[in-house]
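In what follows, chains are A, B, ... by sequence order, proteins preceding strands, each numbered from 1. Owing to the predicted nature of the structure, the values given are computational and were not obtained by experimental measurement.
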Amino acid sequence: MSKPSIPQGTRDFSPAEVRKRQYIFNTLRPIFELYGFQPLETPSMENLITLTGKYGEEGDRLIFKILNNGLHEKKEEDKTKFRLEIDKVLSKSYSSPAVTERALRYDLTIPFARYVVMHQNELAFPFRRYQMQPVWRADRPQKGRYREFWQCDADVVGSTSLINEAELLCIYQSAFVQLQVPVVIKVNSRKLLAALSEICSMPDKMMDITIAMDKLDKIGWVGVANELKERGIADEGIWQIEKVINVTGNNDEKLAAYSDIMQHSTSGIEGINELSKTLAYYQELMGGNGPTASNIVVDISLARGLNYYTGVIVEVVCNHPDVKMGSIGGGGRYDDLTGLFGLKGLSGVGVSFGVDRIYDVIEELGMFPKQLAEGTQVMIVNFGGENETYALNILQRFRADGIAAEVYPDAAKFDKQMKYANKRGIAYVVLPGDEERQKAMVSLKNFTTGEQKLLSVAECIGSIKASN
RNA sequence: GAGGUUGUAGCUCAGUUGGUUAGAGCAUCAGAUUGUGGUUCUGAGGGUCGAGGGUUCGAGCCCCUUUAGCCUCCCCA
């Protein structure tokens with residue numbers, strides 16, 4: 001028999017890991033609730049047609065498609081059709097409803113848009129929801145990249161106010177402060193990127209320009225310039241882009257310089273106004289707290305892959321020197337996402353937390369709280385016979401008092417039971433033997449100190465509770 | 001889709017220019033010790049050396065093919 005394994009890019013989460021992951025979820029959830037977001041869950045699978053064409057060409061390739069079931073039940077003519085279609089699928093990148101009609105969700109935003117359109121009559125707009133569920137991508141796994149990973153999204157749909165953008169920045173800020181992860185929150189606007197392509201007199205090259213610009217961190221300006229050239233941007237355009245990239249200073253200074261350079265571009269001016277207004281709202285929401293805004297940085301080289309963003313875009317990266325990790329969160333404004341499903345004129349904005357990467361970062365920083373690794377607090381040793389009955393009675397009283405307790409289920413050898421408790425990291429062991437039972441008492445052993453006391457059950461419960 | 005790298009015990013890994021019956025640590029089980037764990041000591045079990053083929057008197061090691069994981073590019077969280 002071959003060794004068992006799990007699919008590439010997926011992981012098991014052992015008890016300690018689940019606790020750490022829950023710590024992240026349990027940090028985020030109250031923040032979302034505090035900001036008035038409501039919980040939502042959608043199915044793991046969507047109809048393929050819901051997902052295709054929403055994430056760009058590359059995104060379509062990465063959607064996990066589900067093979068239709070019940071193929072063996074089909075009529076002969078359907079089988080023939082299926083064989084023809086599957087030949088096409090095998091010969092090139094192609095999909096067909098005869099072969100696959102459903103797919104695993106690729107992100108949480110598109111299913112959310114689909115949900116909003118389907119339930120538009122029940123919802124009170126602006127509708128704010130948060131969602132914490134796994135998503136799947138058929139990507140090549142590598143460090144910090146999985147095929148199954150969790151996202152936590154917060155979106156507002158049905159409002160164009162920039163207060164929403166500012167609130168989402170507050171959520172990011174608040175979450176990473178609580179998780180003790182040092183971050184830089186980069187903000188930009190698709191409108192500035194559009195303006196940039198206008199300045200180059202190549203408005204149709206916006207995608208090429210943004211893809212190249214996004215690599216500035218990695219390959220530097222010379223590399224970006226080369227890539228721009230390869231992508232067919234004229235020297236005059238590249239010179240203009242360089243001028244923009246070379247702008248330095250704080251956010252206000254950068255935006256002032258951009259408005260100078262982009263004064264003839266309507267979308268440029270719009271984008272700059274939106275960013276400065278968003279930052280002003282943010283300041284107000286943070287109680288005018290200057291220093292907290294310092295890690296929000298206007299960065300014109302920020303691109304973001306998803307092609308439905310239209311306005312402000314945002315990305316979070318950990319800026320601790322020891323941590324090498326891509327973005328751990330991102331989001332932006334999408335003006336007409338629900339339009340794809342037939343509901344026009346509804347604007348949305350949202351952010352996403354990449355839980356798995358955040359986990360890796362916190363682990364690397366050693367910032368998970370120590371006391372997370374707790375489960376059972378007390379184990380009761382099983383001495384068998386009448387003592388077993390006595391043990392069950394004590395067990396029941398512990399639980400009634402809210403103490404997480406378990407009894408060793410077999411009357412196994414004493415040291416085996418002790419070794420088990422030790423390996424589990426259980427804080428206390430209770431010994432109800434003949435002597436204790438006859439006195440209606442128990443011996444309570446503190447497994448950290450090794451100290452042992454003879455107590456009544458009530459005293460024992462009190463002692464354990466006092467230590468919490 | 002392109003490139004790099006690694007597959008040897010449950011886990012982490014040694015294994016010499018090719019040479020007898022493939023090793024260690026950890027883990028597991030048993031005993032020292034039937035009411036005292038985390039320390040120690042003794043012993044035991046556990047392997048088609050990723051798979052298939054080739055060279056050779058002889059292959060864990062050399063050659064070819066294949067497969068899986070990890071890492072990088074592309075793209076992304």
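Here C70(B) presents its C1' atom at 12 Å from OH of Y146(A), a figure rounded to the nearest Å. Here A77(B) presents its P atom at 11 Å from OH of Y55(A), a figure rounded to the nearest Å. Distance CD1 (I313(A)) to P (A77(B)): 11 Å, rounded to an integer number of Å. Atom CG in L108(A) sits about 12 Å away from atom P in A77(B), given to the nearest Å. For the pair I328(A) CD1 and C76(B) P, the computed distance is 18 Å after rounding to whole Å. For the pair I63(A) CD1 and C75(B) P, the computed distance is 18 Å after rounding to whole Å. We find that CZ of R424(A) is positioned 18 Å from P of A27(B), with the value rounded to whole Å. Between the CG atom of D214(A) and the P atom of C75(B) there is a distance of 8 Å, rounded to whole Å.
Base engagement by G144(A) is indicated by at least one non-hydrogen atom pair under 4.0 Å involving a base atom. No engagement by S352(A) is indicated, since no non-hydrogen atom pair under 4.0 Å with the nucleic acid exists. Residue contacts shown for I211(A) are limited to sugar-phosphate atoms, with no base heavy atom under 4.0 Å away. K215(A) comes within 4.0 angstrom of the backbone, heavy atoms only, and of no base.
Of the listed nucleotides (C76(B), C75(B), C70(B)), C70(B) has the atom at the smallest distance from the side chain of Q8(A).
A donor-acceptor contact shorter than 3.5 Å is absent between the side chain of N164(A) and the backbone of V156(A).
Note on Q142(A): a side-chain N or O is less than 4.0 Å away from OP1 or OP2 of U72(B).
Judged by the 6.0 Å and 45° rule, R128(A) forms a cation-pi pair with F37(A). With W136(A) as the aromatic partner, R105(A) does not meet the cation-pi criteria of under 6.0 angstrom to the ring centre and within 45 degrees of the ring axis. A cation-pi geometry, defined here as NZ or CZ lying under 6.0 Å from the six-membered ring centre and within 45° of its normal, holds between R11(A) and Y146(A).
Look at the P atom in both G50(B) and A77(B): the space between them is 38 Å, to the nearest Å. Taking the C1' atom of each, C64(B) and U56(B) are spaced 16 Å apart, rounded to whole Å. Taking atom C1' in both G15(B) and G54(B), the straight-line distance is 24 Å, to the nearest Å. Spacing of C1' atoms, U65(B) relative to U20(B), comes out at 31 Å, to the nearest Å. Between G47(B) and A24(B), the two P atoms lie 15 Å apart (nearest whole Å). C26(B) and C63(B) have their C1' atoms separated by 36 Å, given to the nearest Å. For the C1' atoms, the distance from A44(B) to G4(B) is 43 Å, rounded to whole Å. On the C1' atoms, U72(B) is 39 Å away from U28(B), given to the nearest whole Å.
Residue-to-nucleotide contacts include no donor-acceptor pair under 3.5 Å from the side chain of R140(A) to the base of C73(B). Evaluation of atom-type donor-acceptor distances gives no pair under 3.5 Å for the side chain of R61(A) against the base of C75(B).
Going from atom CG of N393(A) over to atom OG1 of T389(A) covers 9.0 Å, rounded to the nearest 0.5 Å. In this structure, the separation between OH on Y282(A) and CD1 on I163(A) is 15.5 Å, given to the nearest 0.5 Å.
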Summarise protein proximity over nucleotides 32-39 of chain B in one line of letters, 5' to 3': B for base, S for sugar-phosphate only, - for none, counting protein heavy atoms closer than 4.0 Å. ---BBBB-
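Each of F353(A) and K143(A) lies near RNA chain B, and the nucleotide nearest K143(A) is the one positioned closer to the 5' end.
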Would you please test I238(A) and W221(A) for side-chain contact (heavy atoms from CB on, under 4.5 Å) and show each step? CA-CA 10 Å; I238(A) 296 177; W221(A) 167 248; 3.8 Å; yes
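For U72(B), the paired base is A2(B) (Watson-Crick or G-U wobble, both distances below 3.5 Å). The pairing partner recorded for C49(B) is none, the criterion being a Watson-Crick or G-U wobble arrangement whose two distances lie under 3.5 angstrom.
Other residues, nucleotides and ligands contribute more than 12 heavy atoms inside 6.0 Å of the CD atom of Q452(A).
Among pairs with a residue in residues 402-413 of chain A, those fulfilling salt bridge (charged side-chain N to carboxylate O under 4.0 Å, His left out) read E406(A)-R424(A), at least two apart in sequence or across chains.
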